[in-house]
Amino acid sequence: MAAPTVTASLNATSFAPGAQMLLTITYGDLDNKTLTVTVVVTDTQGNSSAPVKVSAVIDPLVVTVTDTSGRAWTRVSDNGSVAVYRAVA
C-alpha cells in the first residue's frame, strides 16, 4: 500500500499575538478506492425502478493537526483533498 501524501502551508510566515492563522493542507492517497453500488428494484410483473447509486471510499484519510504549543486548530473546510484549519496566534 502506498503512503498518503500531504503538503501544508500557512497564510503568513509570522503572526502577531491574536492574529488568525490559516493552515491549508492538500492531501491524497493513490491507493484508496471509490466503490459505487447500483440498486434496482423489480416487482413480480417485471417493472423496474430507476437505478439508484451510492458511493463510498475504501481506506479514507483522516487529517489531524497539532502544534508544539498545544494550540487548538479548528477545521474550516475539507473536501477530501484540500482542508483548511484555523487557529489564533
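Every heavy atom of this structure was used, including side-chain atoms; hydrogens, water molecules and symmetry mates were not.
By the rule that hydrophobic residues join a cluster once side-chain heavy atoms approach within less than 4.5 Å of another member, Met21 and Val76 end up as members of separate clusters. Following chains of ILVMFWY side-chain contacts shorter than 4.5 Å, one can reach Val39 starting from Leu35, so the two form part of one hydrophobic cluster.
The two atoms that bring Ser55 and Thr34 nearest to each other are CB-CG2, 4.5 Å, heavy atoms only. Nearest heavy-atom pair, Asp67 versus Gly70, reported as atom, atom and distance to 0.1 Å: OD1-N, 3.0 Å. The two residues Val63 and Val65 make their nearest non-hydrogen contact at CG1-CG2, 4.1 Å.
Under the side chain to side chain contact (heavy atoms under 4.5 Å, CB included) test applied with Pro4, the options Leu61, Asp59, Asp31 reduce to a single match, Leu61.
Atom CG of Leu22 sits about 8.5 Å away from atom CG of Leu10, to the nearest 0.5 Å.
Applying the side-chain contact (heavy atoms from CB on, under 4.5 Å) test to Ala8 and every residue at least two apart in sequence or in another chain returns Leu23, Ile25.
Within 6.0 Å of CG in Leu30 there are 12 or fewer heavy atoms belonging to other residues, nucleotides or ligands. More than 12 heavy-atom neighbours from other residues, nucleotides or ligands sit within 6.0 angstrom of CZ on Arg71.
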When the side chains of residues 81-89 are checked against the rest of the protein, which donor-acceptor pairs come out under 3.5 Å, sequence neighbours left out?
from	atom 1	to	atom 2	distance (Å)
Ser81	OG	Asn79	OD1	3.2
Arg86	NH1	Gln20	OE1	3.4

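Counting heavy atoms from C-beta outward, Asp78 and Tyr27 have side chains that approach closer than 4.5 Å.
Ser49 contributes a side-chain N or O that, together with a main-chain N or O of Val41, makes up a donor-acceptor pair within less than 3.5 Å.
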